[in-house]
Amino acid sequence: MSGRSWRLLDILEDTRRFFASKGLENARLQAELLLAAVLGVKRLDLYLQFERPLHRSEVDRYREYVRQRLRRVPVQYITGVAAFRHLELAVTPAVLIPRPETEVLVDVALELLPAGGRVLDLCCGSGAVALALAQEASAAEVVATDVSAAALEVAKANGQRCGLDGRVEWHCGDLFAPLCGTAPFDLVAANPPYVRRSDLAQLAPEVRDHEPHLSLDGGEDGLAYHRRIAQEAADFIRPGGHLLLEVGDGQSAAVEDLLARSERLTEVQIRPDLNQIPRVVVARTATQTG
Ligand code: GLN
């Protein structure tokens, strides 16, 4: 940024070139997102005011955002918000930034959840999945758990922010632990940590250096949580209900196998995300007991 001209259009173009020279992807888009956040406008509204000169204080704030981005802080942590389905969620480094592929987990849950059904979101993080379900399945009874108290604070605040206060019952604890003795669920959905521990060091710096490893580290083979959930789920899902697990690229066959080997789970199937990558593994709880 030269500092000579503080016209909005010039600043965006300067930043695009600067970000691109530093190897940042989607340079122009990222510049627009940061500037829109500084000005408190929607990104596309920037296009209506390209000639607008920026105030000194706006430029200073924008420069601070650009500096953070150069340290590879994800745009969503800089602006403090992330989009997920119809929601705008607050995000802090205490929670994973919701990913577009996780929207598919919600699609599958909406398809399989009976009207007015009882649904659980395990490892809820920012609350993205639980809140999207509360919003889009308005009669559903939604429960969510996360082991991180800091993440749950973000999730609860998101409930208020999205006008869904009181629609989700939040519990702090390890997977199903806070739910012993509660009524069975029609459906359990989870996006648990699934990065193989040895792969953590190779993740993009945005993820590796800024997102919570608690939300990413899936143990030695990445499937430590899937394994535990597969073992415990049938105790918390009614017979004939559904278990939905998000998986990483290349993990679907192993998770399919894991679920298929459980005597209490049946009808295992795999659903792709929008890039045709197998993303959600679905199973039903067996209807006969004993
Ligand atoms: N999808 C995330 C990533 O690519 C990982 C999320 C997870 O572990 N559940 O970094």
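Just so you know, ligand 1 is whichever comes first in the structure, and atom 1 is the first atom listed for that ligand. Keep in mind that this is a model prediction, so the values were computed, not measured. In what follows, every heavy atom counts, from backbone to side chain, and hydrogens, waters and symmetry copies are set aside.
With 3.5 Å as the limit, one finds a donor-acceptor pair spanning the side chains of Glu32 and Tyr47. In this model, a donor atom of one side chain and an acceptor atom of the other lie less than 3.5 Å apart for Glu246 and Thr102. Remark: the Tyr65 side chain and the Thr79 side chain contain no N/O donor-acceptor pair separated by less than 3.5 Å.
Residue Leu203 places no N or O, backbone or side chain, under 3.5 Å from any N or O of ligand 1.
Between Ser215 and ligand 1 there is a heavy-atom distance shorter than 4.0 Å.
The residue among Gly248, Pro192, Ala190 with a heavy atom at the shortest distance from atom 7 (C) of ligand 1 is Pro192.
Distance from atom 10 (O) of ligand 1 to its nearest protein heavy atom, with residue and atom name: Arg99 NH2, 3.1 Å. Closest protein heavy atom to atom 1 (N) of ligand 1: Tyr194 OH, 3.2 Å.
Closest heavy-atom contact between Ser262 and Ala230: OG-O, 4.5 Å.
Contacts between Leu96 and ligand 1 below 4.0 angstrom, taking non-hydrogen atoms only, involve the side chain exclusively.
Taking the six-membered ring where tryptophan is involved, the planes of Tyr194 and His226 are tilted, since the angle between them lies from 30° to 60°.
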Between Glu256 and Arg261, does a salt bridge (Lys or Arg N to Asp or Glu O under 4.0 Å) hold up when you go through it step by step?
CA-CA 9 Å; Glu256 183 181 25; Arg261 271 191 279 119; over 6 Å; no
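When each atom of ligand 1 is checked for a heavy atom of Pro193 under 4.0 Å away, the hits are 8 (O), 9 (N). Of all atoms in ligand 1, numbered sequentially from 1 with element shown, those under 4.0 Å from a heavy atom of Glu101 are 1 (N).
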